J.: 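Sharing a structure with you now.
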Amino acid sequence: MNTQILLRPSGNFYRTDKGYMLELELPGVSREGLELELGKGRLIVRARRTLPQNSGREVFRETVPGMFHREFRLDPAIDGDRITADLRDGVLSVALPKRETAQLRRIEVG
Amino acid sequence: MGVWLRGGAWIGIRLAEGGSCQTAPAKGGGRKPITEEMQMNRYSILNPTLGVLPWNSLGSLAGFREEMNRLLQGAVEGARIPALDFYEEDEAFVLYCELPGMGREQIAVSFQEGILSISGERKPLRNPSELFRAERQFGKFERRVRVQSAVDPARILATYVDGVLKVVLPKAESSKPRQIPVSTPEAGQV
């Protein structure tokens with residue numbers, strides 16, 4: 001496997017009422033091949049495909065062997081502690097909720 | 001703290017000190033405030049109408065070489081195509097097609113007269129009105145591959161794992177490589 005080629009996975013970015021949602025295409029990637037890092041205001045996605053073991057002759061090939069790599073700079077309003085991610089069928093969905101604003105407190109007047 | 005896996009499909013990501021998750025070094029025990037801004041305004045939606053781009057579908061086929069040429073043209077034009085890898089083994093042909101984010105029932109695989117056809121429609125899961133940057137492509141797609149040697153259609157198997165469709169087409173007995181013994185002719189034979 002050639003680990004020197006870096007592939008930039010396609011992503012869709014959504015704004016939701018809770019913050020943001022990110023969908024990244026990572027075909028052939030299972031949980032073991034996925035690394036997510038958060039720090040310095042960036043979300044870094046690295047993923048390695050589970051390549052098939054083939055004993056056969058390659059007739060044609062359109063996929064590019066390599067590692068997926070992409071970094072995102074995050075809105076400072078995003079609450080890093082509550083970021084969650086779901087990997088399903090080669091799509092990584094990352095929910096990036098914003099920090100809940102301080103609730104207004106009722107002050108009783110006695 | 002650390003990266004933890006919850007039972008089921010969700011992966012929780014938490015800031016950690018060392019371990020497998022790198023973070024900005026904490027000062028005074030607190031988390032360093034995030035000061036960079038998400039560069040949303042610089043991103044533009046690729047398709048202004050809906051932000052979704054349809055695949056070009058390659059309908060006709062004439063063989064591998066023409067398929068390749070069409071693909072290369074597609075790549076130059078910037079059209080995305082569900083990527084295919086095709087291998088030939090002694091016992092079978094194996095095809096891989098990258099189709100992340102599809103449900104199994106949304107992919108149609110059919111084989112007729114030596115032509116393997118993969119088609120379907122990828123629909124967005126989320127409300128497109130919430131989209132502010134689109135790179136993924138949706139819509140109908142169809143890929144066809146002509147399989148040069150005879151296969152046994154009844155034993156074709158298709159599986160979908162981690163967003164990759166794998167189709168195994170076992171060769172018919174007549175297509176498998178056969179060793180032909182070389183013998184010396186009997187007296188009188190040619």
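This structure is a prediction, so every number in the text was calculated from the model and none was measured. The sequence lines fix the lettering, A, B, ..., with proteins before strands; numbering per chain opens at 1.
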J.: Output yes when a side-chain donor or acceptor of Arg88(A) lies under 3.5 Å from a complementary backbone atom of Asp162(B), and no otherwise.
T.: no

J.: What residue in Pro100(B), Ala92(B), Ala83(B), Gly101(B) has the most heavy-atom pairs under 4.5 Å with chain A?
T.: Pro100(B)

J.: Does atom CD (Glu58(A)) have a neighbourhood of more than 12 heavy atoms from anything else shown, all under 6.0 Å?
T.: yes

J.: Assess the side chains of Ser93(A) and Asp86(A): does a donor N or O sit below 3.5 Å from an acceptor N or O?
T.: no

J.: For Glu23(A), which atoms come within 4.5 Å of any heavy atom of chain B: side chain, backbone, both, or neither?
T.: both

J.: Short question: side chain of Arg82(A), backbone of Lys98(A) - any donor-acceptor pair under 3.5 Å?
T.: yes

J.: Which one of Asp89(A), Val29(A), Val64(A), Leu26(A) has the most heavy-atom pairs closer than 4.5 Å to chain B?
T.: Asp89(A)

